[in-house]
Amino acid sequence: MEKILIKNALLSPSGKEGTADILIYEGKIAEIAPQVDSPHDCSVIDADGLTVIPGLVDVHVHLREPGFSYKETIAAGTAAAAAGGFTTVCPMPNLNPAPDSPENLERQLEIIRRDAKIETIPYATITRSRLGAELVDYEALAPFVAGFSDDGSGVQDEEVMREAMREIAKTGKILAAHCEVNSLLRGGYIHDGEYARANGHRGICSESEWGEIERDIRLAGETGCRLHICHISTAESVDLIRRAKERGVRVTCETAPHYLAFCDEDMREEGRFKMNPPIRSRRDMEALREGAADGTIDVIATDHAPHSAEEKSKGLEKSAMGVVGLETSLAAVYTHMVRPGHISFPRMLEMMALEPRKLFGFKGGLVPGNRADLAIVDFDRVVKVDSTSFLSKGKSTPFDGTTLFGKVMMTIAGGKTVYKL
(Lines give C-alpha, C1' and ligand atoms only; values in the text may rest on other atoms or scores of the structure.)
Protein backbone atom coordinates (compact mmCIF):
# COMPACT_ATOMS: atom_id res chain seq x y z
CA MET A 1 0.00 0.00 0.00
CA GLU A 2 1.08 3.55 -0.74
CA LYS A 3 2.11 5.82 2.12
CA ILE A 4 0.93 9.29 1.12
CA LEU A 5 1.16 12.67 2.81
CA ILE A 6 -1.00 15.44 1.39
CA LYS A 7 0.31 18.85 2.45
CA ASN A 8 -1.42 22.24 2.64
CA ALA A 9 -4.85 21.09 1.41
CA LEU A 10 -7.75 23.51 1.67
CA LEU A 11 -10.79 22.18 3.51
CA SER A 12 -13.15 24.28 1.37
CA PRO A 13 -12.75 26.38 -1.78
CA SER A 14 -13.19 29.59 0.22
CA GLY A 15 -10.20 28.77 2.42
CA LYS A 16 -12.06 30.01 5.51
CA GLU A 17 -11.81 26.59 7.15
CA GLY A 18 -8.04 26.65 6.83
CA THR A 19 -5.69 23.98 5.56
CA ALA A 20 -4.66 20.54 6.69
CA ASP A 21 -2.08 17.84 6.14
CA ILE A 22 -3.48 14.36 5.60
CA LEU A 23 -1.47 11.20 6.16
CA ILE A 24 -2.63 8.02 4.43
CA TYR A 25 -1.15 4.73 5.60
CA GLU A 26 -2.15 1.13 4.97
CA GLY A 27 -5.18 2.25 3.00
CA LYS A 28 -6.64 4.41 5.78
CA ILE A 29 -6.65 8.00 6.93
CA ALA A 30 -3.96 7.89 9.61
CA GLU A 31 -3.95 11.56 10.63
CA ILE A 32 -5.48 14.92 9.73
CA ALA A 33 -3.85 17.93 11.37
CA PRO A 34 -2.69 21.47 10.58
CA GLN A 35 0.81 20.07 10.22
CA VAL A 36 1.99 16.45 9.91
CA ASP A 37 5.65 15.52 9.69
CA SER A 38 6.59 13.44 6.68
CA PRO A 39 7.31 9.80 7.63
CA HIS A 40 10.03 7.71 6.01
CA ASP A 41 9.27 6.35 2.52
CA CYS A 42 6.29 8.64 2.07
CA SER A 43 5.02 10.15 -1.18
CA VAL A 44 4.37 13.84 -0.55
CA ILE A 45 1.70 15.71 -2.51
CA ASP A 46 1.68 19.49 -2.28
CA ALA A 47 -1.98 20.48 -2.51
CA ASP A 48 -1.39 24.20 -2.03
CA GLY A 49 -4.44 26.08 -3.38
CA LEU A 50 -6.40 22.85 -3.89
CA THR A 51 -9.34 21.49 -1.89
CA VAL A 52 -9.53 17.99 -0.46
CA ILE A 53 -12.99 16.39 -0.28
CA PRO A 54 -14.30 12.96 0.72
CA GLY A 55 -14.46 10.56 -2.20
CA LEU A 56 -17.80 10.96 -3.94
CA VAL A 57 -20.40 8.18 -4.00
CA ASP A 58 -22.79 7.66 -6.92
CA VAL A 59 -25.64 5.32 -6.04
CA HIS A 60 -27.09 5.33 -9.57
CA VAL A 61 -24.92 4.51 -12.58
CA HIS A 62 -25.18 2.25 -15.61
CA LEU A 63 -21.95 0.44 -16.45
CA ARG A 64 -23.60 -1.81 -19.09
CA GLU A 65 -21.71 -5.03 -18.34
CA PRO A 66 -22.54 -7.81 -18.83
CA GLY A 67 -24.53 -7.58 -22.01
CA PHE A 68 -23.99 -4.14 -23.51
CA SER A 69 -20.25 -3.50 -23.52
CA TYR A 70 -20.48 -1.56 -26.80
CA LYS A 71 -22.11 1.23 -24.73
CA GLU A 72 -19.81 1.10 -21.68
CA THR A 73 -17.59 -1.26 -19.75
CA ILE A 74 -16.92 -1.53 -16.04
CA ALA A 75 -13.29 -0.64 -16.75
CA ALA A 76 -14.16 2.51 -18.72
CA GLY A 77 -17.05 3.53 -16.46
CA THR A 78 -15.09 3.25 -13.24
CA ALA A 79 -12.11 5.06 -14.81
CA ALA A 80 -14.53 7.88 -15.70
CA ALA A 81 -15.87 7.80 -12.15
CA ALA A 82 -12.37 8.11 -10.68
CA ALA A 83 -11.71 11.07 -12.98
CA GLY A 84 -14.86 12.66 -11.58
CA GLY A 85 -13.76 12.25 -7.95
CA PHE A 86 -15.89 9.16 -7.21
CA THR A 87 -14.56 6.32 -5.09
CA THR A 88 -17.75 4.22 -4.89
CA VAL A 89 -20.41 3.61 -7.54
CA CYS A 90 -23.51 1.42 -7.68
CA PRO A 91 -24.42 0.05 -11.12
CA MET A 92 -28.05 -0.59 -11.97
CA PRO A 93 -29.30 -4.03 -13.05
CA ASN A 94 -30.66 -3.45 -16.57
CA LEU A 95 -28.11 -5.90 -17.93
CA ASN A 96 -28.04 -9.17 -19.85
CA PRO A 97 -28.35 -11.36 -17.94
CA ALA A 98 -30.05 -9.25 -15.30
CA PRO A 99 -28.63 -9.88 -11.80
CA ASP A 100 -31.79 -11.62 -10.61
CA SER A 101 -30.12 -14.72 -9.16
CA PRO A 102 -26.81 -15.46 -7.43
CA GLU A 103 -25.56 -17.11 -10.62
CA ASN A 104 -26.38 -14.12 -12.84
CA LEU A 105 -25.08 -11.66 -10.27
CA GLU A 106 -21.80 -13.56 -10.13
CA ARG A 107 -21.21 -12.87 -13.83
CA GLN A 108 -21.27 -9.15 -13.05
CA LEU A 109 -19.22 -9.49 -9.86
CA GLU A 110 -16.53 -11.39 -11.74
CA ILE A 111 -16.08 -8.46 -14.15
CA ILE A 112 -16.10 -5.99 -11.25
CA ARG A 113 -13.37 -7.91 -9.41
CA ARG A 114 -11.27 -8.01 -12.56
CA ASP A 115 -11.77 -4.54 -14.05
CA ALA A 116 -13.18 -2.00 -11.59
CA LYS A 117 -10.87 0.89 -10.73
CA ILE A 118 -12.87 1.89 -7.63
CA GLU A 119 -15.34 0.27 -5.24
CA THR A 120 -18.30 -0.98 -7.29
CA ILE A 121 -21.34 -2.34 -5.46
CA PRO A 122 -24.17 -3.41 -7.78
CA TYR A 123 -27.93 -3.62 -7.37
CA ALA A 124 -29.88 -6.81 -7.88
CA THR A 125 -33.31 -6.73 -9.46
CA ILE A 126 -36.67 -6.50 -7.68
CA THR A 127 -38.30 -8.92 -10.11
CA ARG A 128 -37.12 -11.70 -12.41
CA SER A 129 -35.65 -10.19 -15.59
CA ARG A 130 -37.06 -6.81 -14.48
CA LEU A 131 -40.44 -7.82 -15.88
CA GLY A 132 -42.39 -6.70 -12.84
CA ALA A 133 -44.00 -10.04 -12.03
CA GLU A 134 -41.95 -12.74 -10.28
CA LEU A 135 -40.01 -11.83 -7.13
CA VAL A 136 -36.36 -12.85 -6.77
CA ASP A 137 -34.60 -14.47 -3.79
CA TYR A 138 -33.76 -11.32 -1.84
CA GLU A 139 -32.17 -13.14 1.07
CA ALA A 140 -29.69 -14.93 -1.18
CA LEU A 141 -28.74 -11.76 -3.05
CA ALA A 142 -28.71 -9.24 -0.19
CA PRO A 143 -25.15 -9.81 1.12
CA PHE A 144 -23.63 -8.91 -2.25
CA VAL A 145 -25.59 -5.84 -3.33
CA ALA A 146 -26.28 -2.21 -2.48
CA GLY A 147 -30.01 -2.80 -2.72
CA PHE A 148 -32.73 -3.88 -5.12
CA SER A 149 -34.05 -2.04 -8.18
CA ASP A 150 -35.77 -2.64 -11.50
CA ASP A 151 -34.37 0.67 -12.73
CA GLY A 152 -35.48 1.51 -16.24
CA SER A 153 -38.87 0.04 -15.43
CA GLY A 154 -41.44 0.89 -12.80
CA VAL A 155 -43.11 -2.08 -11.10
CA GLN A 156 -46.66 -1.61 -12.38
CA ASP A 157 -48.51 -4.19 -10.28
CA GLU A 158 -49.28 -2.82 -6.82
CA GLU A 159 -49.54 -6.22 -5.15
CA VAL A 160 -46.19 -7.30 -6.60
CA MET A 161 -44.57 -4.12 -5.25
CA ARG A 162 -46.23 -4.54 -1.86
CA GLU A 163 -44.94 -8.10 -1.51
CA ALA A 164 -41.48 -7.07 -2.76
CA MET A 165 -41.33 -4.36 -0.11
CA ARG A 166 -42.39 -6.80 2.60
CA GLU A 167 -39.64 -9.25 1.65
CA ILE A 168 -36.91 -6.64 1.07
CA ALA A 169 -37.72 -5.07 4.44
CA LYS A 170 -36.68 -8.36 6.07
CA THR A 171 -33.18 -8.00 4.60
CA GLY A 172 -32.72 -4.40 5.79
CA LYS A 173 -31.67 -3.38 2.27
CA ILE A 174 -32.94 -0.42 0.29
CA LEU A 175 -35.48 -0.74 -2.51
CA ALA A 176 -34.48 1.85 -5.12
CA ALA A 177 -37.62 2.54 -7.15
CA HIS A 178 -37.80 3.78 -10.70
CA CYS A 179 -41.26 5.38 -10.48
CA GLU A 180 -43.11 5.52 -13.77
CA VAL A 181 -46.73 4.74 -14.68
CA ASN A 182 -46.55 3.14 -18.11
CA SER A 183 -50.16 3.89 -19.00
CA LEU A 184 -49.47 7.63 -18.70
CA LEU A 185 -46.46 7.70 -21.04
CA ARG A 186 -48.50 7.77 -24.27
CA GLY A 187 -45.45 7.58 -26.51
CA GLY A 188 -43.83 10.65 -24.97
CA TYR A 189 -40.09 11.18 -25.01
CA ILE A 190 -39.47 14.69 -23.58
CA HIS A 191 -41.27 16.73 -20.92
CA ASP A 192 -44.88 17.59 -21.68
CA GLY A 193 -44.27 21.32 -21.55
CA GLU A 194 -43.86 24.44 -23.63
CA TYR A 195 -40.90 23.18 -25.65
CA ALA A 196 -42.69 19.98 -26.63
CA ARG A 197 -45.82 21.87 -27.71
CA ALA A 198 -43.90 24.53 -29.60
CA ASN A 199 -41.79 22.00 -31.50
CA GLY A 200 -44.29 19.24 -32.19
CA HIS A 201 -42.90 16.63 -29.76
CA ARG A 202 -44.87 14.08 -27.75
CA GLY A 203 -44.58 14.85 -24.05
CA ILE A 204 -44.18 12.78 -20.89
CA CYS A 205 -46.55 14.12 -18.24
CA SER A 206 -45.32 14.75 -14.71
CA GLU A 207 -47.99 12.48 -13.23
CA SER A 208 -46.29 9.47 -14.82
CA GLU A 209 -43.56 10.02 -12.22
CA TRP A 210 -45.32 11.39 -9.15
CA GLY A 211 -48.31 9.06 -9.50
CA GLU A 212 -46.16 6.01 -8.81
CA ILE A 213 -44.13 7.84 -6.17
CA GLU A 214 -47.40 8.48 -4.34
CA ARG A 215 -48.25 4.77 -4.50
CA ASP A 216 -44.80 3.59 -3.43
CA ILE A 217 -44.70 5.98 -0.47
CA ARG A 218 -48.02 4.53 0.68
CA LEU A 219 -46.70 0.97 0.33
CA ALA A 220 -43.48 1.85 2.16
CA GLY A 221 -45.58 3.19 5.01
CA GLU A 222 -47.52 -0.08 5.12
CA THR A 223 -44.51 -2.39 4.95
CA GLY A 224 -41.71 -0.48 6.71
CA CYS A 225 -39.45 -0.97 3.69
CA ARG A 226 -36.56 1.45 3.21
CA LEU A 227 -37.68 3.16 -0.01
CA HIS A 228 -35.23 5.20 -2.06
CA ILE A 229 -36.78 6.96 -5.04
CA CYS A 230 -34.55 7.31 -8.08
CA HIS A 231 -33.97 10.40 -10.24
CA ILE A 232 -36.88 12.62 -9.22
CA SER A 233 -37.63 15.43 -11.67
CA THR A 234 -40.95 17.09 -10.75
CA ALA A 235 -42.13 19.64 -8.19
CA GLU A 236 -44.95 17.28 -7.16
CA SER A 237 -42.42 14.54 -6.41
CA VAL A 238 -40.52 16.87 -4.08
CA ASP A 239 -43.72 17.81 -2.26
CA LEU A 240 -44.88 14.20 -1.86
CA ILE A 241 -41.52 13.12 -0.44
CA ARG A 242 -41.28 16.13 1.86
CA ARG A 243 -44.70 15.38 3.36
CA ALA A 244 -43.94 11.65 3.63
CA LYS A 245 -40.78 12.39 5.61
CA GLU A 246 -42.77 14.62 7.94
CA ARG A 247 -45.10 11.64 8.59
CA GLY A 248 -42.15 9.40 9.39
CA VAL A 249 -42.17 7.22 6.27
CA ARG A 250 -38.77 5.63 5.62
CA VAL A 251 -38.25 7.31 2.27
CA THR A 252 -35.21 8.95 0.70
CA CYS A 253 -34.59 10.18 -2.82
CA GLU A 254 -32.10 11.41 -5.36
CA THR A 255 -32.01 13.80 -8.26
CA ALA A 256 -29.38 14.31 -10.95
CA PRO A 257 -27.20 17.31 -11.86
CA HIS A 258 -28.94 17.88 -15.19
CA TYR A 259 -32.30 18.40 -13.48
CA LEU A 260 -30.73 21.04 -11.24
CA ALA A 261 -28.91 22.85 -14.05
CA PHE A 262 -31.39 22.79 -16.95
CA CYS A 263 -35.09 23.22 -17.67
CA ASP A 264 -37.00 22.65 -20.88
CA GLU A 265 -36.29 26.24 -21.92
CA ASP A 266 -32.70 25.05 -22.49
CA MET A 267 -33.64 22.14 -24.77
CA ARG A 268 -32.06 21.56 -28.16
CA GLU A 269 -33.03 19.25 -31.01
CA GLU A 270 -30.25 16.85 -30.02
CA GLY A 271 -30.13 13.43 -28.39
CA ARG A 272 -27.86 14.76 -25.66
CA PHE A 273 -30.92 16.43 -24.11
CA LYS A 274 -32.92 13.19 -23.98
CA MET A 275 -33.11 11.11 -20.82
CA ASN A 276 -35.74 9.45 -18.64
CA PRO A 277 -37.21 11.15 -16.71
CA PRO A 278 -36.87 14.20 -18.93
CA ILE A 279 -35.58 17.67 -18.18
CA ARG A 280 -38.73 19.44 -17.04
CA SER A 281 -40.03 22.99 -16.51
CA ARG A 282 -38.40 25.91 -14.73
CA ARG A 283 -40.92 25.45 -11.90
CA ASP A 284 -39.75 21.85 -11.48
CA MET A 285 -36.07 22.83 -11.57
CA GLU A 286 -36.61 25.47 -8.90
CA ALA A 287 -38.54 23.01 -6.70
CA LEU A 288 -35.69 20.50 -7.00
CA ARG A 289 -33.18 23.18 -5.99
CA GLU A 290 -35.31 24.00 -2.95
CA GLY A 291 -35.61 20.31 -2.08
CA ALA A 292 -31.84 19.95 -2.26
CA ALA A 293 -31.39 22.91 0.06
CA ASP A 294 -33.94 21.90 2.70
CA GLY A 295 -32.97 18.23 2.92
CA THR A 296 -35.98 16.75 1.15
CA ILE A 297 -33.65 15.46 -1.54
CA ASP A 298 -30.99 13.35 0.16
CA VAL A 299 -28.60 12.47 -2.66
CA ILE A 300 -27.34 13.75 -5.98
CA ALA A 301 -26.64 10.84 -8.34
CA THR A 302 -25.71 11.04 -12.00
CA ASP A 303 -27.87 8.30 -13.58
CA HIS A 304 -24.81 7.93 -15.84
CA ALA A 305 -26.35 6.15 -18.83
CA PRO A 306 -23.96 5.77 -21.78
CA HIS A 307 -25.02 4.80 -25.28
CA SER A 308 -23.18 4.52 -28.58
CA ALA A 309 -22.72 7.61 -30.72
CA GLU A 310 -25.13 6.18 -33.29
CA GLU A 311 -27.83 5.60 -30.67
CA LYS A 312 -27.60 9.23 -29.54
CA SER A 313 -27.39 10.83 -33.01
CA LYS A 314 -31.05 10.51 -34.00
CA GLY A 315 -32.56 13.66 -32.50
CA LEU A 316 -35.00 14.00 -29.64
CA GLU A 317 -37.62 11.62 -30.96
CA LYS A 318 -35.51 8.65 -31.96
CA SER A 319 -32.32 8.80 -29.87
CA ALA A 320 -31.90 6.38 -26.97
CA MET A 321 -32.82 7.65 -23.50
CA GLY A 322 -29.86 8.52 -21.28
CA VAL A 323 -26.86 10.80 -20.86
CA VAL A 324 -23.48 10.45 -19.15
CA GLY A 325 -22.50 12.36 -16.03
CA LEU A 326 -19.65 10.92 -13.99
CA GLU A 327 -16.99 13.27 -15.33
CA THR A 328 -19.07 16.46 -15.04
CA SER A 329 -21.15 15.87 -11.91
CA LEU A 330 -19.02 17.58 -9.27
CA ALA A 331 -18.25 20.63 -11.39
CA ALA A 332 -21.87 20.88 -12.54
CA VAL A 333 -23.26 20.86 -9.01
CA TYR A 334 -20.60 23.27 -7.77
CA THR A 335 -21.21 25.63 -10.70
CA HIS A 336 -25.01 25.54 -10.81
CA MET A 337 -25.84 24.99 -7.14
CA VAL A 338 -23.01 26.15 -4.84
CA ARG A 339 -21.65 29.21 -6.63
CA PRO A 340 -25.13 30.80 -7.12
CA GLY A 341 -25.93 30.12 -3.45
CA HIS A 342 -28.71 27.53 -3.88
CA ILE A 343 -26.83 25.20 -1.50
CA SER A 344 -23.67 25.51 0.58
CA PHE A 345 -20.42 23.72 -0.15
CA PRO A 346 -20.88 21.43 2.92
CA ARG A 347 -24.41 20.61 1.72
CA MET A 348 -23.00 19.56 -1.64
CA LEU A 349 -20.60 17.19 0.08
CA GLU A 350 -23.42 15.81 2.21
CA MET A 351 -25.47 14.97 -0.87
CA MET A 352 -22.61 13.62 -2.99
CA ALA A 353 -20.39 11.88 -0.43
CA LEU A 354 -21.62 11.68 3.15
CA GLU A 355 -25.33 10.91 2.95
CA PRO A 356 -24.97 8.12 0.36
CA ARG A 357 -22.50 6.38 2.67
CA LYS A 358 -24.84 6.78 5.62
CA LEU A 359 -27.96 5.55 3.78
CA PHE A 360 -26.35 2.56 2.12
CA GLY A 361 -23.86 1.65 4.84
CA PHE A 362 -20.75 2.19 2.72
CA LYS A 363 -17.29 2.69 4.21
CA GLY A 364 -14.62 5.24 3.40
CA GLY A 365 -14.27 8.99 3.50
CA LEU A 366 -12.13 11.70 5.05
CA VAL A 367 -12.12 10.82 8.75
CA PRO A 368 -9.15 9.37 10.69
CA GLY A 369 -9.46 5.61 10.90
CA ASN A 370 -11.67 5.37 7.82
CA ARG A 371 -10.66 3.86 4.51
CA ALA A 372 -8.84 6.59 2.58
CA ASP A 373 -11.30 7.66 -0.11
CA LEU A 374 -10.79 11.26 -1.19
CA ALA A 375 -10.34 13.63 -4.10
CA ILE A 376 -8.15 16.69 -4.55
CA VAL A 377 -9.95 19.38 -6.55
CA ASP A 378 -9.11 22.74 -8.09
CA PHE A 379 -12.43 24.57 -7.71
CA ASP A 380 -11.00 27.74 -9.26
CA ARG A 381 -10.19 26.01 -12.51
CA VAL A 382 -12.52 26.90 -15.37
CA VAL A 383 -13.27 24.02 -17.72
CA LYS A 384 -15.12 24.02 -21.02
CA VAL A 385 -16.71 20.60 -21.24
CA ASP A 386 -15.43 18.58 -24.19
CA SER A 387 -17.05 15.16 -24.24
CA THR A 388 -14.52 13.83 -26.75
CA SER A 389 -11.99 13.82 -23.88
CA PHE A 390 -14.17 11.67 -21.59
CA LEU A 391 -12.82 8.36 -20.33
CA SER A 392 -16.34 6.95 -20.50
CA LYS A 393 -17.31 5.30 -23.79
CA GLY A 394 -20.45 7.45 -23.67
CA LYS A 395 -20.05 11.03 -24.90
CA SER A 396 -23.60 12.40 -24.82
CA THR A 397 -24.23 15.10 -22.21
CA PRO A 398 -26.26 18.32 -22.10
CA PHE A 399 -23.22 19.95 -20.45
CA ASP A 400 -21.12 19.55 -23.62
CA GLY A 401 -19.63 22.90 -24.61
CA THR A 402 -20.68 24.62 -21.38
CA THR A 403 -18.27 26.25 -18.93
CA LEU A 404 -17.98 24.75 -15.44
CA PHE A 405 -15.88 25.53 -12.40
CA GLY A 406 -13.88 22.72 -10.79
CA LYS A 407 -11.47 20.06 -11.93
CA VAL A 408 -10.48 16.88 -10.11
CA MET A 409 -6.70 16.72 -9.97
CA MET A 410 -6.34 13.41 -8.12
CA THR A 411 -8.55 10.68 -6.70
CA ILE A 412 -7.41 8.25 -4.02
CA ALA A 413 -9.55 5.17 -3.33
CA GLY A 414 -8.73 2.78 -0.55
CA GLY A 415 -5.38 4.53 -0.13
CA LYS A 416 -4.46 3.94 -3.77
CA THR A 417 -4.11 6.65 -6.41
CA VAL A 418 -6.73 5.74 -9.04
CA TYR A 419 -6.70 8.98 -11.03
CA LYS A 420 -4.17 11.74 -11.55
CA LEU A 421 -4.54 14.57 -14.05
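Keep in mind that what you see is a predicted model, and the values were worked out from it rather than measured.
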Short question: side chain of [X], backbone of [Y] - any donor-acceptor pair under 3.5 Å?
X      : Y      : value
Glu212 : Glu180 : yes
Ser389 : Asp386 : yes
Ser14  : Lys16  : yes
Arg250 : Arg226 : no
His191 : Cys205 : no
Lys274 : Ser319 : yes
Lys395 : Ser392 : yes
Glu355 : Ala353 : no

Could you tell me whether [X] and [Y] have their ring centroids closer than 6.0 angstrom?
X      : Y      : value
His60  : His231 : yes
His228 : Phe360 : yes
Tyr123 : Phe148 : no

Sidechain N-carboxylate O distance under 4.0 Å for [X], [Y]:
X      : Y      : answer
Glu139 : Lys173 : no
Arg347 : Glu350 : yes
Arg162 : Glu222 : yes
Lys363 : Glu119 : no
Arg289 : Glu286 : no
Arg130 : Asp151 : no
Arg268 : Glu270 : no
Arg283 : Glu236 : yes

Could you go through Ile6 and Asp21, starting from their C-alpha distance and side-chain angles, then the distance that decides it, and tell me whether this counts as side chain to side chain contact (heavy atoms under 4.5 Å, CB included)? CA-CA 5 Å; Ile6 301 169; Asp21 294 352; over 6 Å; no
So, do [X] and [Y] sit near enough that their side-chain heavy atoms are less than 4.5 Å apart?
X      : Y      : result
Ile24  : Ile412 : yes
Val323 : Pro398 : yes
Leu260 : Met337 : yes
Met267 : Ile279 : yes
Pro277 : Ile204 : no
Val59  : Thr88  : no
Ile300 : Glu254 : no
Asp100 : Val136 : yes

For a quick check under 3.5 Å, do [X] and [Y] share a side-chain donor-acceptor pair by atom type?
X      : Y      : answer
His62  : Asn94  : yes
Tyr189 : His201 : yes
Glu65  : Thr73  : no

To the nearest 0.5 angstrom, please state how far the CG atom of Asp378 sits from the CG atom of Leu10. 9.5 Å
In sequence, state the C-alpha distance, the side-chain angles, and the governing distance for Glu310 and Ser313, and then conclude on side chain to side chain donor-acceptor pair (under 3.5 Å). CA-CA 5 Å; Glu310 180 183 1; Ser313 66; over 6 Å; no
Listed by chain and number, what are the salt bridge (Lys or Arg N to Asp or Glu O under 4.0 Å) partners of Arg113, not counting sequence neighbours?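 Partners of Arg113 under the salt bridge (Lys or Arg N to Asp or Glu O under 4.0 Å) test: Glu106.
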Check the pair Glu265, Arg282 against salt bridge (charged side-chain N to carboxylate O under 4.0 Å, His left out), reporting the backbone distance first and the verdict last. CA-CA 7 Å; Glu265 298 168 22; Arg282 178 169 294 278; 3.1 Å; yes
Return the minimal non-hydrogen interatomic distance between [X] and [Y], and the atom names on each side.
X      : Y      : result
Leu109 : Pro122 : CD2-CG, 3.8 Å
Pro93  : Thr125 : CB-CG2, 3.7 Å
Ser129 : Ala98  : CA-CB, 4.3 Å
Ser281 : Asp264 : CA-OD1, 3.7 Å
Ala81  : Ile118 : CB-CD1, 3.6 Å
Thr127 : Gly132 : OG1-N, 2.8 Å

Residue pairs fulfilling side-chain hydrogen bond (donor to acceptor under 3.5 Å, both in side chains) with at least one residue in residues 320-340, sequence neighbours excluded: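 Passing the test, one end in residues 320-340: no pairs.
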Step by step, would you call Lys312 with His307 a side chain to side chain donor-acceptor pair (under 3.5 Å)? CA-CA 7 Å; Lys312 293 298 293 182; His307 295 285; 5.7 Å; no
Verdict with reasoning, Glu167 to Lys170, per salt bridge (charged side-chain N to carboxylate O under 4.0 Å, His left out): CA-CA 5 Å; Glu167 294 303 312; Lys170 296 175 184 177; 3.1 Å; yes
Counting heavy atoms not belonging to Glu159, are there more than 12 under 6.0 Å from its CD? yes
When you look at Asp373 and Lys28, which way does the salt bridge (charged side-chain N to carboxylate O under 4.0 Å, His left out) test go after all the steps? CA-CA 8 Å; Asp373 290 345; Lys28 295 184 177 182; over 6 Å; no
Checking Ile126 against Leu175 for the side chain to side chain contact (heavy atoms under 4.5 Å, CB included) test, could you report, in this order, the C-alpha distance in whole Å, the side-chain angles of both residues, the deciding distance, and whether it holds? CA-CA 8 Å; Ile126 298 170; Leu175 187 156; 3.8 Å; yes
Just to verify, which of Ile229, Thr234, Leu227, Val251 counts as forming a side-chain contact (heavy atoms from CB on, under 4.5 Å) with Ile213? Ile229
Where do Arg202 and Glu317 land on the salt bridge (charged side-chain N to carboxylate O under 4.0 Å, His left out) test, with the steps shown first? CA-CA 8 Å; Arg202 292 189 299 279; Glu317 181 179 359; 3.6 Å; yes
Leu56 and Leu330: CA distance, side-chain angles, deciding distance, side chain to side chain contact (heavy atoms under 4.5 Å, CB included) verdict: CA-CA 9 Å; Leu56 305 179; Leu330 178 63; 3.9 Å; yes
One pair to check against side chain to side chain donor-acceptor pair (under 3.5 Å): Ser233 and Arg280. What are the steps and the verdict? CA-CA 7 Å; Ser233 67; Arg280 297 198 184 269; 2.7 Å; yes
Using side chain to side chain contact (heavy atoms under 4.5 Å, CB included), reason through Ser12 and Phe379 one step at a time and then give a plain yes or no. CA-CA 9 Å; Ser12 75; Phe379 282 105; over 6 Å; no
